[in-house]
Amino acid sequence: MTDEALWALGRGTGITALVFLTMSVALGIATRSGRRITTLPRFAVADVHRFVALAATVLVALHMTLLFFDPYAQLRLLDLAVPFLGAYRPLWLGLGTLAFDLLAVVVITSLLRHRLGVRTFRAVHWATYALWPLTIAHSIGNGTDTDHEWFLTIAGCCVLTVAAALVWRARPAFAEYADARTPSRR
């Protein structure tokens, strides 16, 4: 594979991962609402959320692997795990590394969900509220396509999607697992 192809695939998987992470956050919020989305019942939304999150994780792994082998990026193994040590834009690369570290913790706790219990799983899952802003900051700060209108449109749509989901979640009418809050009839 040529250096140019590595660079293009590395960038492309990073941008696609951002879109999938955005969808995962929005679907995660929708899953917590306990409401249907269009015609999908809650369990289907949860399944789509898990699929999108898994796809995002695979895309992030591909993004990092491709850029690790790209001679232009000049990443070291240490840069993939320890934030803020990179030679190129260390702050922005470090935010991406920090986002990856959080993603790894969320994935591991998701795999161990049944052993950790619901409370621990949910507490760790709240890290996604930090993971996403780190990801968008990394994309904008370290991305080489930020001067292109198409990238800014994608990033803007991602920001609007998460902002809309957060506004929806912050509304007083948002009911997490509404059916669980209704008093039981005896």
Side-chain angles (χ1 to χ4, degrees), residues 1-32 48-107 110 124-170:
M1 187 176 292
T2 68
D3 294 348
E4 191 71 29
L6 280 172
W7 182 243
L9 284 171
R11 287 172 29 229
T13 54
I15 293 165
T16 308
L18 172 64
V19 171
F20 273 70
L21 285 169
T22 299
M23 291 188 310
S24 178
V25 168
L27 287 167
I29 290 171
T31 300
R32 294 286 296 170
V48 174
H49 166 67
R50 279 195 279 298
F51 172 79
V52 168
L54 177 62
T57 303
V58 169
L59 286 163
V60 167
L62 274 171
H63 171 66
M64 293 171 63
T65 302
L66 289 164
L67 291 179
F68 177 74
F69 288 110
D70 178 27
Y72 177 77
Q74 299 179 358
L75 294 175
R76 303 166 300 172
L77 272 176
L78 196 60
D79 298 331
L80 301 178
V82 181
F84 311 112
L85 297 180
Y88 178 74
R89 299 182 182 171
L91 171 67
W92 303 114
L93 177 62
L95 292 177
T97 303
L98 193 56
F100 171 72
D101 293 345
L102 281 172
L103 180 63
V105 169
V106 169
V107 167
S110 293
V124 173
H125 229 69
W126 275 88
T128 57
Y129 284 104
L131 188 155
W132 188 87
L134 291 170
T135 302
I136 194 76
H138 166 74
S139 300
I140 292 170
N142 213 36
T144 54
D145 294 309
T146 54
D147 57 341
H148 297 279
E149 191 174 313
W150 62 266
F151 173 78
L152 295 175
T153 301
I154 291 170
C157 288
C158 289
V159 169
L160 287 174
T161 299
V162 170
L166 289 173
V167 165
W168 181 54
R169 180 172 175 77

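In this text, all values refer to a predicted model and were calculated from it rather than measured experimentally.
- Interatomic distance, CG of D70 versus OG1 of T65, reported as 12.5 Å (0.5 Å rounding).
- Taking 4.5 Å as the limit, every side-chain heavy atom of L75 sits out of range of all side-chain heavy atoms of Y88.
- Considering all non-hydrogen atoms of both residues, R76 and L85 come closest at NH2-O, 2.8 Å.
- Within the 3.5 Å criterion, the main-chain N or O of G141 finds a donor-acceptor partner in the side chain of R89.
- Listed here is the closest heavy atom pair of V106 and V124: CG2-O, 4.0 Å.
- Rounding to the nearest 0.5 Å places OG1 of T13 at 6.5 Å from CG of L67.
- M64 and L80 make their closest contact through CE-O, 3.5 Å (heavy atoms, listed as atom of the first residue, atom of the second, distance).
- Side-chain contact check for L93 versus F84: every heavy-atom pair is 4.5 Å or farther apart.
- The distance from atom CG of L9 to atom OG1 of T16, rounded to the nearest 0.5 Å, is 10.0 Å.
- H138 places no side-chain N or O within 3.5 Å of a backbone atom of L95 that could act as its donor or acceptor partner.
- Residues L77 and F68 come closest through the heavy atom pair N-CE1, 3.5 Å.
- Separation of atoms CG (L18) and NE2 (H63) is listed at 10.0 Å; rounding is to 0.5 Å.
- In F69, the CZ atom is not crowded: 12 or fewer heavy atoms of neighbouring residues, nucleotides or ligands sit closer than 6.0 Å.
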Step-by-step side-chain contact (heavy atoms from CB on, under 4.5 Å) determination, S110 to H125: CA-CA 8 Å; S110 293; H125 229 69; 3.5 Å; yes
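- Between the side chain of T97 and the backbone N or O of V82, no donor-acceptor pair lies under 3.5 Å.
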- Task: Evaluate side-chain contact (heavy atoms from CB on, under 4.5 Å) for V162 paired with W132, printing each intermediate quantity in order.
- Result: CA-CA 9 Å; V162 170; W132 188 87; 3.5 Å; yes
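- Taken from CG in L134 to CZ in F100, the straight-line distance is 14.0 Å, to the nearest 0.5 Å.
- In this structure, N142 contributes its side chain and S139 its backbone to no donor-acceptor pair below 3.5 Å.
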- Task: Quick one: do Y129 and L166 satisfy side-chain contact (heavy atoms from CB on, under 4.5 Å)? Show the steps, please.
- Result: CA-CA 10 Å; Y129 284 104; L166 289 173; 3.4 Å; yes
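- For the side-chain contact (heavy atoms from CB on, under 4.5 Å) test with C158, the passing option among T135, T22, T153, L21 is T22; the others fail.
- In this structure, the side chain of T128 does not engage the main chain of L131 through any donor-acceptor pair within 3.5 Å.
- Across all non-hydrogen atoms, the minimal contact from A127 to L102 is CB-CD2, 3.9 Å.
- A donor-acceptor pair is defined here as one N or O able to donate and one able to accept, closer than 3.5 Å; such a pair exists between the side chain of T57 and the backbone of A53.
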| message | Between I140 and I136, does the side-chain contact (heavy atoms from CB on, under 4.5 Å) criterion hold? Intermediate values first, please. | response | CA-CA 6 Å; I140 292 170; I136 194 76; 3.9 Å; yes
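- Counted within 6.0 Å of OH on Y72, heavy atoms from surrounding residues, nucleotides or ligands total 12 or fewer; the atom is thus considered open.
- The backbone N or O of S24 lies less than 3.5 Å from a partner atom in the side chain of H49, making a donor-acceptor pair.
- Summarising the geometry of A30 relative to W168, their closest heavy-atom pair is CA-CZ3, 3.7 Å, with the distance given to 0.1 Å.
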